[in-house]
Every structure is written in C-alpha cells, then in structure tokens.
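Okay, so here's the structure we're looking at.
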Amino acid sequence: MDKIWLVIKREYLSRVQKKSFLLATLLTPLIFPAIMGVFLWIAMDESDNSALRIIEVVDENNMFFIESSDQYAFSYANGDTEYGKNLVKSGDRFGFLYIPKIDLNNPSGIVFYGDSNPSMNFISYLESSLKRRIEEQRLYESGIDPEVISAYRTKVNIRSITLDNSGEEKFTDATVNYAIGFSTGILIYIFIFVYGNQIMHGVIEEKSSRIVEILVSSLKPFQLMMGKIIGIGAVGLTQFLIWMVLISSVSFFVIGYFGMQMPQQQVMEMANPQLTSSINTETPEIAGILEVIKEINFVKLALTFIFYFLGGYLLYGAFFAAIGAAVDAPSEAQQFMLPITIPLLIAYMGLFVFVLNDPNSNVSFWLSIVPFTSPIAMMGRASYGIPLFDLALSMSLLIIGFLFSTWVAGKIYRIGILVHGTKINYKTLWKWVKSG
C-alpha cells in the first residue's frame with residue numbers, strides 16, 4: 001500500500017504543480033462565463049442596433065393579419081408572386097409572404113420568399129399566427145364566436161408534490177430536476193473522457209521512454225496502474241472542487257455587485273414565516289422554483305455525485321490504463337477505444353432520450369443499474385429522487401464493475417507494459433486476460 005501511495009503522490013504532485021494545471025484551473029471558470037457574456041452582449045447590441053425588417057404580405061383571402069414586432073414589420077399590398085419577389089431581389093423588403101386562396105380545412109400553398117434562410121423561430125412565429133387566424137375563422141363559420149371561447153380559456157398551473165413512504169410531502173419541478181440531472185451527468189461524461197485519456201497518454205509516454213521498466217523493478221505493475229489511476233483521479237477531483245469554489249465566489253461577487261439577491265438568501269427568506277410579505281412580491285413561477293430548490297437534499301445529491309464521479313472514473317480509468325499499456329503510440333490506441341466509447345455514448349444518449357424525460361421508466365432503471373452506464377444515467381435520476389433499493393443496487397454493481405475492470409485491466413497491464421514493438425490485436429489481449 002505504501003508503494004501505491006508513492007505512485008499516487010507522484011502522479012498528483014507532478015500534475016498540480018504544472019503551470020498549465022494552474023492556468024486551466026483558474027481560467028476555465030472565467031472563460032465560459034466570459035464567452036457567454038460576449039455572445040449575450042453581441043445579441044443585445046444586435047437587437048438594439050438592427051434595422052426593422054419589413055416583410056411584404058400578399059393575402060388573396062383578405063383575412064390574415066400578422067402583428068408586427070420590434071424586429072419585424074408586415075406590409076400588406078395587392079399583387080402577385082412576381083411583385084413580391086422583385087421587392088426582395090431589389091432589397092426593398094427583407095422577405096415576401098404569399099398566401100394564396102386556401103381551403104380552411106386543409107390550408108396549403110403558403111410560401112415565404114427571402115434573400116437568406118429564415119430562422120426557425122421566425123417561421124414558427126408565422127405558422128402559429130396563421131394557424132390561430134385559421135382556427136378563429138373556422139370557429140366563426142361554424143357559428144361559434146371565437147371571443148366567447150377566448151373568454152372561457154383558463155391557464156392551469158399544476159404543482160407537483162412527491163409523497164415518500166412516511167407521508168412527507170415535497171415540492172418538485174421537472175425543469176429544475178432536468179437542469180440538475182443534465183449538468184451533473186454531462187460533467188461525469190466529460191470527466192471520464194478527459195482524465196481517462198490522461199491516464200492512457202501517461203502510460204504510453206512512460207512505456208515509450210522506458211521509464212516504466214525502472215519503475216516495475218521496484219513495484220508490481222498492478223500497484224503502478226492503481227497508483228496512476230487514483231493519482232490522476234485525485235487531480236480531477238481537486239480541479240473540480242476548485243472550480244466549484246471559484247464559480248460560487250464569482251457568482252456571489254457579480255450578483256452582489258449588481259445589487260441582486262442570491263438564490264440561497266431568497267430560499268432562506270421563504271423558509272422564514274416572518275418574511276411572507278416578501279414572498280408576495282415575487283412572481284408565482286419564481287416562488288415555486290425557490291420552494292423546489294429548498295426541498296432538494298443537496299448534501300445527498302453531492303455525495304451521490306462524488307460517488308458516481310469517482311466510481312465511473314475508476315471503472316473506465318482501469319481500461320484506459322490497460323489500453324495505454326498495450327500500445328506503443330497514441331495512434332495505435334484508437335482501435336481499442338471503441339469498446340470504451342460505445343457504453344459511454346449509450347449512457348450519454350440515454351440520458352437525454354430516456355432518463356431525463358422519464359426517470360422511472362424501465363430503460364432508465366436499467367441504464368442506471370448497469371455499471372458501464374450507471375455513473376451518467378443515475379445522476380440524471382438523482383435530482384428526481386431515487387428509491388433506496390435502486391441506489392443501493394446501482395452502487396453495489398458499480399463497485400463490482402470497478403473490481404472486475406481492474407482485474408481485467410491488471411492482467412493486460414501486467415504483460416503489455418513490458419511489451420514493445422509487437423502488433424497488438426483483440427486476440428492478443430484476450431490471451432493476456434486468460435493468462436495466469
């Protein structure tokens with residue numbers, strides 16, 4: 001164990017003491033907000049300075065009217081398609097909307113002409129405006145006044161409450177849960193790939209420089225592999241914790257500088273009955289979201305994240321180390337990356353398609369139980385609330401999966417780390433695994 005600790009210490013200190021590590025750790029939390037800020041500034045500047053875009057409309061039905069906005073204005077005239085096209089070609093109009101005589105039961109033939117591809121949001125805006133007008137006309141022709149129906153339309157807001165086995169009620173919100181599951185799952189996915197590749201490249205570098213031959217003379221290959229995996233994992237965890245502290249500090253400073261209120265402070269005020277008057281000043285949507293955030297057990301969520309954060313890394317890190325030991329150059333490692341990449345891609349796609357949309361479905365359950373996909377999929381379910389049995393089973397299988405991957409990788413690593421100049425394939429790796 002002392003030898004493994006020495007390798008861990010060497011791997012950890014050799015990386016955290018590099019200037020590149022310090023720069024990446026300190027600048028990354030600032031780079032992404034800065035990039036987002038630049039894009040937001042450009043978007044706001046564009047909306048402030050952009051000229052009003054005029055769209056010519058020819059409506060042969062004389063029944064459609066589309067309201068203008070800050071960005072688009074609609075001009076109505078009599079003419080044909082050539083008339084509108086010429087306006088667009090000459091640059092007098094941003095676009096031309098042609099609405100021929102249509103059947104209200106099956107409207108078709110409506111065309112928009114422009115000098116560039118219109119945005120999806122703009123086309124959706126046109127479609128929804130025309131659809132609403134067609135529905136109103138059909139109601140009118142059926143003898144129903146659309147204003148009567150509009151007067152009876154009511155907005156319904158359903159609050160979601162989860163009941164646990166003890167009967168305790170907790171407010172939930174799918175949007176908040178989705179955001180938490182999305183962010184934590186993607187972080188684990190990125191972490192496994194980034195630091196797993198660091199393990200692989202580190203092993204290849206030591207193997208090609210023959211440093212590893214000196215190292216294995218004083219310690220076992222398995223000890224070297226475990227020390228490298230744990231040491232680089234500790235580097236990643238350190239970097240992540242520093243990012244969290246920096247992001248929290250920067251957010252606190254920015255919010256305080258602009259005189260806004262921290263969400264934690266709002267939650268505390270909502271929890272205090274003496275401050276109910278301040279709740280009334282908030283919109284129902286914000287008050288609902290803050291109440292949901294208050295109900296989330298962030299300690300349990302953080303502990304779950306750390307477990308799957310490390311468990312997923314250790315599971316795949318052993319395989320990355322085995323691949324590095326089996327090859328002599330990074331280019332040779334690509335052929336062995338497919339068995340590692342496929343489960344991660346399945347977990348990544350399953351997170352969006354199944355887990356976040358329905359965390360209690362059978363597919364979501366199995367994705368969060370199978371060790372090769374559970375680190376990403378389970379975090380997608382974590383914010384929604386996980387049954388204790390599912391969590392215990394998933395964690396147990398992940399530990400077993402890590403031990404299995406370490407056992408397999410150890411056999412490959414033990415032989416491959418000392419093999420040079422030999423063409424390695426899957427058949428060769430299988431022989432190494434079956435060896436005593």
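Quantities reported herein were computed from a predicted structural model and do not represent experimental measurements. Position 1 is the first residue of the sequence; numbering continues from there.
You'll find the side chain of Met378 stays beyond 4.5 Å of the side chain of Met395, heavy atoms only. Side-chain contact between Phe319 and Phe336: absent, with no pair of heavy atoms (C-beta onward) separated by less than 4.5 Å. Using a 4.5 Å heavy-atom cutoff, the side chains of Ile204 and Asp328 are not in contact. At least one side-chain heavy atom of Arg15 sits less than 4.5 Å from a side-chain heavy atom of Gln198.
Counting only residues at least two apart or in different chains, salt bridge (Lys or Arg N to Asp or Glu O under 4.0 Å) contacts with residues 364-375 are absent.
For the side chain to side chain contact (heavy atoms under 4.5 Å, CB included) test with Tyr12, the passing option among Ile230, Ile232, Thr238 is Thr238; the others fail.
At most 12 heavy atoms of other shown residues, nucleotides or ligands fall within 6.0 angstrom of atom CG in Leu388. Remark: Tyr348 OH is loosely packed, at most 12 non-hydrogen atoms of other residues, nucleotides or ligands lying under 6.0 Å away. Residue Phe389 qualifies as open at atom CZ: its count of foreign heavy atoms under 6.0 Å is 12 or below. Heavy-atom neighbours of Glu205 CD from other residues, nucleotides or ligands within 6.0 Å: at or below the threshold of 12.
The heavy-atom pair separating Pro359 from Leu356 by the smallest distance is CD-O, 4.5 Å. Residues Ile180 and Ser183 share a closest heavy-atom pair of O-OG, 3.0 Å. Pairing each heavy atom of Leu338 with each of Pro343, the nearest pair is O-CD, 4.5 Å. Contact record, Gly324 with Val203: C-CG1, 3.5 Å, taken as the closest heavy-atom pair. Listed here is the closest heavy atom pair of Leu315 and Phe402: CD1-N, 3.6 Å. Minimum heavy-atom separation, Pro375 to Leu398: CG-CD1, 4.1 Å.
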Please tabulate, for the side chains in residues 303-314, all donor-acceptor contacts under 3.5 angstrom to protein atoms that are two or more places apart in sequence or on a different chain.
from, atom 1, to, atom 2, distance (Å)
Thr304, OG1, Lys300, O, 2.8
Tyr308, OH, Ser394, OG, 2.7
Tyr313, OH, Ile229, O, 2.6
Tyr313, OH, Gly233, N, 2.9

Please list, one pair per line, the donor and acceptor atoms closer than 3.5 Å that link side chains of residues 88-96 to other protein atoms, with sequence neighbours excluded.
from, atom 1, to, atom 2, distance (Å)
Ser90, OG, Asn86, O, 3.0
Ser90, OG, Leu87, O, 3.1
Ser90, OG, Asp92, OD2, 3.0
Arg93, NE, Glu56, OE1, 2.6
Arg93, NH2, Glu56, OE1, 3.3

Using residues 365-373 as the side-chain source, report each donor-acceptor pair under 3.5 Å to any protein atom, sequence neighbours left out, with the distance given to one decimal.
from, atom 1, to, atom 2, distance (Å)
Ser368, OG, Ser364, O, 3.0
Ser368, OG, Phe365, O, 2.8
Ser368, OG, Arg381, NH1, 2.9
Thr373, OG1, Leu367, O, 2.6
Thr373, OG1, Val370, O, 3.4

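Without hydrogens or angle criteria, Ser405 side chain to Ala318 main chain gives no donor-acceptor distance under 3.5 Å. Remark: the backbone N or O of Val353 is paired with a side-chain donor or acceptor of Asn357 at under 3.5 angstrom. Side-chain N or O atoms of Asp358 include none that pairs as donor or acceptor with a backbone N or O of Phe354 at under 3.5 Å. Between the Glu11 side chain and the Val7 main chain, no donor and acceptor come within less than 3.5 Å of each other. Looking only at distances, a side-chain donor or acceptor of Ser14 sits under 3.5 Å from a matching main-chain atom of Arg10.
If you check the side chains of Thr428 and Asn425, you find a donor sitting under 3.5 Å from an acceptor.
Proximity of the aromatic rings of Phe352 and Phe182 is defined here by a centroid distance below 6.0 angstrom, and this criterion is met. For Phe112 and Phe122, the gap between ring centers is short of 6.0 Å.
With rounding to the nearest 0.5 angstrom, the CG atom of Leu351 is 8.0 Å from the OG1 atom of Thr184. To the nearest 0.5 angstrom, Gln334 atom CD is 9.0 Å from Ile323 atom CD1. Note that the OH atom of Tyr316 and the CD1 atom of Ile188 stand 11.5 Å from one another [nearest 0.5 Å]. Summarising the geometry, atom NZ belonging to Lys228 is positioned 14.5 Å from atom CZ belonging to Phe320; distances are rounded to the nearest 0.5 Å. In this structure, CZ on Phe191 lies 6.5 Å from CG on Leu237, to the nearest 0.5 angstrom. Note that the NZ atom of Lys411 and the CH2 atom of Trp430 stand 10.5 Å from one another [nearest 0.5 Å].
Remark: Leu130 pairs with Phe64, Ile66, Ile99, Ile110 by the side chain to side chain contact (heavy atoms under 4.5 Å, CB included) rule, at least two apart or across chains. Considering only residues two or more places apart in sequence or on other chains, Lys131 meets the side chain to side chain donor-acceptor pair (under 3.5 Å) condition with Glu135.
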Show the numbers, then the answer: is there a side chain to side chain contact (heavy atoms under 4.5 Å, CB included) between Met200 and Met337? CA-CA 11 Å; Met200 184 180 70; Met337 290 296 292; 4.0 Å; yes
Report the C-alpha distance between Lys18 and Leu22 in whole Å, list the side-chain angles of each, state the deciding distance to 0.1 Å, and finish with yes or no for side chain to side chain contact (heavy atoms under 4.5 Å, CB included). CA-CA 7 Å; Lys18 289 182 179 179; Leu22 296 176; over 6 Å; no
